[in-house]
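In the text below, chain A, chain B and the rest are named by the order of the sequence lines, each starting its count at 1.
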2 protein chains.
Amino acid sequence: MPKVVDRDERKRTIAEALLRLVARQGIEKVSVRTVAAEAGISAGAVQKYFATKEDMLAVAFELTGEFLVRRWADIDAEGPFIEVLREHIVAALPLDEQRRAELVIVFAFTARAAAQPDWARRLQRDYGDAHDLTTRFLRFGQSTGEVRDDLDVERLADLVLALTDGLSARLLHTPLLRSPQHDELLASLDLALHELLAPR
Amino acid sequence: MPKVVDRDERKRTIAEALLRLVARQGIEKVSVRTVAAEAGISAGAVQKYFATKEDMLAVAFELTGEFLVRRWADIDAEGPFIEVLREHIVAALPLDEQRRAELVIVFAFTARAAAQPDWARRLQRDYGDAHDLTTRFLRFGQSTGEVRDDLDVERLADLVLALTDGLSARLLHTPLLRSPQHDELLASLDLALHELLAPR
DNA sequence: TCCTTTACGATACGTTCGTATCCTATAGCT
DNA sequence: AGCTATAGGATACGAACGTATCGTAAAGGA
């Protein structure tokens, strides 16, 4: 047998290089050649792992989901419900370079979804999953009395997701570490969570 | 003097062709040649009015703002405050092909802003204006007693903008005229506006 | 040790891109 | 009527793109 390589890890390495490139230069600078250079390999090597550029972007998109889930796993689930939920939302916001790159990918694909039905389906599925997860989480909050139970959790889940995306958009307009604006937006998030979820 | 043409109207006509193209094919299909074809003129003619492709996209972006303002002007400002505000928000949501194209442009530029400081500044200015406008509008609502006055209007304005963008993202994942999801998202919007703004 | 299989790089090909340049037709002024 | 400045089209050019193809080095099984 020939030289053996962990193909999945290799693909991940290249996709991570793509994310770094997006963070630094934006998604329009992504090409097979630029990603290869960022990864420190040849364009031919990239082609070995990704048949098309589209494949490459798709894996990078998947990666953003994995990174988010990994960040969620590090969150301490103890404590008041609303604070735990807040931490999960913050984990998705573009507050450092890594998350900015992820959000750029997500927004670029959102724009793309409007005209490409296959990507629309894919995003709808992912957001559907996120919606289900959020709904179940909110129902749990209701069960412990930490979330008001007079509102429809499905609608509340829509609002949590919308706020996350909407605040992400605003944060992407802001240079990294422009903390006054960041603090204001996070204060707005806290206000929304309190007014929408806290029992009265 | 030579043949005379209203240059601004010509630029607008071309930018509108660009928006139609974005609606149908997505922003990555935008090129000087494809826009020219959509506008029914030659690529050379497009170059007469736009020095660079970037200029062309910038004008198309400005156009999205103009279209929004024009839709706002058609809204009946009479009636309950929250319903009027709701109409202004709905006017920004991608619920038809025209608005979908506009939102694709906005999202694409949002993604671009993360790596291009000049575009970040421009979007921050535009969103700053929208934030000011919303703040003043909410303050007016407070003055008539239709908006609760125990919350910071600046933070509420953040939330209105974030909800608008976040719901727009979700709507872009949905094919046009998939009305059950649309209705649910609009119901979520109504819930948020009522819970965040209505006096209790 | 030789052979097979794969990783990876190098190179090539055709297309499309943004942009520059040139040409011609025409509308308005003197 | 003739001149001139501009609109608009045609064409050109170099760069960058996605992708295909070929060559080479090396690692493991026989």
Practice item. Start with the C-alpha gap between A/Leu151 and A/Leu196, add the side-chain angles, then the distance that decides, and say whether side-chain contact (heavy atoms from CB on, under 4.5 Å) holds. Key: CA-CA 9 Å; A/Leu151 299 179; A/Leu196 291 171; 5.5 Å; no
Practice item. Could you check A/Phe67 against A/Leu19 for side-chain contact (heavy atoms from CB on, under 4.5 Å), going step by step and ending with a plain yes or no? Key: CA-CA 11 Å; A/Phe67 281 128; A/Leu19 281 181; 3.7 Å; yes
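Whole-Å rounding puts the A/Lys29 NZ to C/dG18 P distance at 13 Å. Between the CZ atom of A/Arg33 and the P atom of D/dT19 there is a distance of 11 Å, given to the nearest Å. Across the protein-nucleic acid pair, B/Ile14 atom CD1 and D/dG8 atom P stand 8 Å apart, rounded to whole Å. In this structure, the CD atom of A/Glu28 is 17 Å from the C1' atom of D/dG18, given to the nearest Å.
B/Arg71 places a side-chain N or O within donor-acceptor distance of the main-chain N or O of B/Ala91, the cut-off being under 3.5 Å.
Look at B/Arg155 and B/Asp158 and you find a salt bridge, because one of the NZ, NE, NH1 or NH2 atoms lies within 4.0 Å of a carboxylate O, short of that distance.
Contacts between residues 36-57 of chain A and DNA chain D, defined by a heavy-atom separation under 4.0 Å, are made by A/Gln47, A/Thr52, A/Lys53.
By the side chain to side chain contact (heavy atoms under 4.5 Å, CB included) test, A/Glu97 pairs with A/Ala23, A/Leu176, sequence neighbours left out. Under the rule for a side chain to side chain contact (heavy atoms under 4.5 Å, CB included), the partners of B/Val46 that lie at least two apart in sequence or sit in another chain are B/Ile14, B/Val32, B/Ala36, B/Ile41, B/Phe50, B/Met56.
Residue A/Arg7 has a polar side-chain atom (N or O) positioned under 4.0 Å from OP1 or OP2 of C/dA7. Between B/Ser31 and C/dC17 there is a side-chain polar atom (N or O) within less than 4.0 angstrom of OP1 or OP2.
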